[in-house]
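For this chain, numbers begin at 1 and follow the sequence in order.
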Amino acid sequence: MRIQGISGSRGVAVGNVYRYIQEEIVIPDYTVADDKVEEEIGKFAAAMAATLKQLDTIRQKALDEMGPEEAAIFEAHMQIAQDPSLSDGIKSLVESSHTNVVAATAQTIETFANIFLGMEDAYMRERGADIKDIGDRLMRNMLGMNPRGLSHISGEVILVAQDLAPSDTASLDKNVVKGIVTAAGGPTSHAAIMARTLEIPAVMGVGDIESFVDGDKAVVLGTDGIVEMNPSDADWDEYTNQAAAFQEELKRLRESANLEATTTDGHHVELFGNIGKAKDAKNALTMGAQGIGLYRTEFLYMENDELPAEDVQFEEYKKVAQDMKGKPVIIRTMDIGGDKELKCLDLPSELNPFLGYRAIRISLNRPDIFKVQLRALLRASAFGDIHIMYPMIASVEEVKQANVMLDECKAELTAEGKEFNKDIKVGIMIEVPAAAVISPILAKYVDFFSIGTNDLCQYTLAVDRMNEAIGSLYQPLHPGVLRLIKHVIDASHEQGKFTGMCGELASDPVATMILLGLGLDEFSMTASSIPLIKNILRSVSKAECEEVANKALTMDTAEEITGYAKSVLIEKGLL
């Protein structure tokens, strides 16, 4: 039996089905008497202590087995768990409404998680999953239930679950869990991201796992998003050989991670990493990144009760610049908006925040905030090759206004005798279709473009990729999107500028040859994706890629383009 899902992590895996079904949390239905309020709050304190101990154990395991980038997820979990806003919100509900502590925790966690889950940026949206995971752990500890975890599994299994929380994936033993299948989720879900990090083939979004029976033979074809159930003996032997070959390929990719990203005909490609915090930079280097193509600065604003001061920001940016040892570091100015509720900034609630008051629009309206960040970025540029990038640009006027403020900051720092790179490069995100269309004009005012394909695709196709009813319409290789990408790249090259890409399409192996053929100068992605993309780039010629891109541009549908690009990679043994 063949089950179709969504590709979450490439590769082939074989094993016996293990269904992971968690005991459901039942929220108690009782109110707390006046004389029991302190006792009830005491349950929270005890559960918090147990939660922090468990998270520290998971963090250490992640550090030992997956590296600092993954361990940082659970450092963040511990910080979130100890956030006074969380504990105060729970305690307040118990004290004011006499809500029992488990119900109060559920309500408060839901409020916190929804702030993140509604965001467009996939990286930020996954923080909602983190918060739900913390709440789940807290409530299980309060109720005396067994904590989540997969460390008890043995054998070689295909893990089948409704979904997987961050702490579930961190407790995976990749020597035991050979493949992952989830009913929910997609390529940006936490389970998919961690599966790619752990190099475990995964298929997400199969919809229903009732047909999976413990012990049945299963094959995960991660690249195609297919699960084969109970194949014939001959097919099983063939899939087993394919799974072994996939493991050999992974070993070879790891060994070649730090080689140059140069095509067979000598064309060098910049291969950069996307990061969310300064400490992620070192891991990107380890995985072969030649620079940072996107440093998201939102966490500096989202983690604090007050707006981050200039010196706080300066130290963070300086650290990345120094860690990258002269390699380029593209830092995006704050990309926040009505979908991101901040403790440090009161933003209006909007009916459609993705088309509203956000990103560069806030920055230009609040120079008191924007110039603090610009000053910090300029000061940090004295310690490395920092580039500044403005998000969600839609017009020349916005670039001009931002650069006026940047020039004011340069004049201030000069007057104060503070060092900075006077020739710092300034670029913009191309994520609004209007910006793509007028890119020949915008190129006159900036040093580079970086294409944010997540938003460019969403805005171009009028598709909310988080809406499961229309998720299939979100097609990054749609002919319309490809033509916009080509137009942007050509516009930059005509004026001697460069174009990079920091959206998810940059890490999609199926798109690699097409993007290089279109002339993309720089690919930026999650660190764990770099070895695979680098191997593809090193295995093809630029001339071949141009041929593939030109043929793709003649095709009528995203399905045709995707199928063609896949077939080329398969024929070359690269997918």
Side-chain angles (χ1 to χ4, degrees), residues 1-23 61-62 65-66 70 129 133 146 148-251 253 509 528 532 575:
M1 180 174 64
R2 170 169 287 199
I3 299 170
Q4 184 68 56
I6 302 166
S7 175
S9 179
R10 74 183 192 96
V12 179
V14 297
N16 296 322
V17 168
Y18 177 90
R19 284 187 25 140
Y20 177 54
I21 301 175
Q22 274 293 112
E23 183 184 358
K61 185 177 188 295
E65 298 180 7
M66 289 182 278
E70 285 66 41
D133 193 12
N146 291 326
R148 297 183 72 112
L150 294 162
S151 57
H152 59 285
I153 302 175
S154 59
E156 293 190 351
V157 306
I158 301 300
L159 179 66
V160 178
Q162 182 65 31
D163 201 357
L164 293 173
S167 56
D168 291 330
T169 49
S171 65
L172 290 178
D173 182 344
K174 61 186 295 183
N175 295 315
V176 174
V177 177
K178 296 300 181 181
I180 295 171
V181 179
T182 62
T188 64
S189 68
H190 192 99
I193 292 167
M194 291 294 276
R196 290 194 291 272
T197 299
L198 290 165
E199 298 173 328
I200 298 175
V203 174
M204 333 306 294
V206 298
D208 182 9
I209 59 172
E210 291 304 312
S211 60
F212 290 86
V213 178
D214 281 340
D216 277 2
K217 286 184 175 180
V219 180
V220 174
L221 302 173
T223 306
D224 299 315
I226 291 171
V227 184
E228 289 278 5
M229 294 301 301
N230 296 313
S232 67
D233 290 344
D235 286 346
W236 179 261
D237 290 341
E238 173 59 25
Y239 286 132
T240 300
N241 291 335
Q242 289 181 24
F246 174 64
Q247 292 303 317
E248 284 299 315
E249 180 197 353
L250 292 177
K251 181 180 177 183
L253 289 176
S528 59
L532 172 61
L575 193 63

*If every non-hydrogen atom of A191 is compared with every non-hydrogen atom of L164, which pair is closest and at what distance?*
CB-CB, 4.0 Å
*asked:* Within this structure, what is the CD1-CG distance for the pair I200 and L159, rounded to the nearest 0.5 Å?
replied: 8.5 Å
_Just to verify, what does E249 make a salt bridge (Lys or Arg N to Asp or Glu O under 4.0 Å) with, not counting sequence neighbours?_
R10
*What distance separates Y20 OH from D163 CG, expressed to the nearest 0.5 Å?*
11.0 Å
*Would you please name every residue forming a side chain to side chain donor-acceptor pair (under 3.5 Å) with Q162, sequence neighbours left out?*
none
*asked:* How long is the straight-line distance from CE of M229 back to CD1 of I158, given to the nearest 0.5 Å?
replied: 9.5 Å
I'd like a table of donor-acceptor pairs (distance under 3.5 Å, sequence neighbours excluded) in which one partner is a side-chain atom from residues 235-244, with atom names and distances.
| unit_1 | atom_1 | unit_2 | atom_2 | d |
| --- | --- | --- | --- | --- |
| D235 | OD2 | S232 | OG | 3.4 |
| E238 | OE2 | Q242 | NE2 | 3.2 |
| T240 | OG1 | W236 | O | 2.8 |
| N241 | ND2 | D237 | O | 3.4 |

For residues 204-227, run the donor-acceptor check on the side chains, cut-off 3.5 Å, and write out each pair with its distance to 0.1 Å, sequence neighbours left out.
| unit_1 | atom_1 | unit_2 | atom_2 | d |
| --- | --- | --- | --- | --- |
| D208 | OD1 | E210 | N | 2.9 |
| D214 | OD1 | R19 | N | 2.8 |
| D216 | OD2 | N230 | ND2 | 3.4 |
| T223 | OG1 | G11 | N | 3.2 |

*Of all residues at least two apart in sequence or in a different chain, which pass the salt bridge (Lys or Arg N to Asp or Glu O under 4.0 Å) check with E199?*
K174, R254
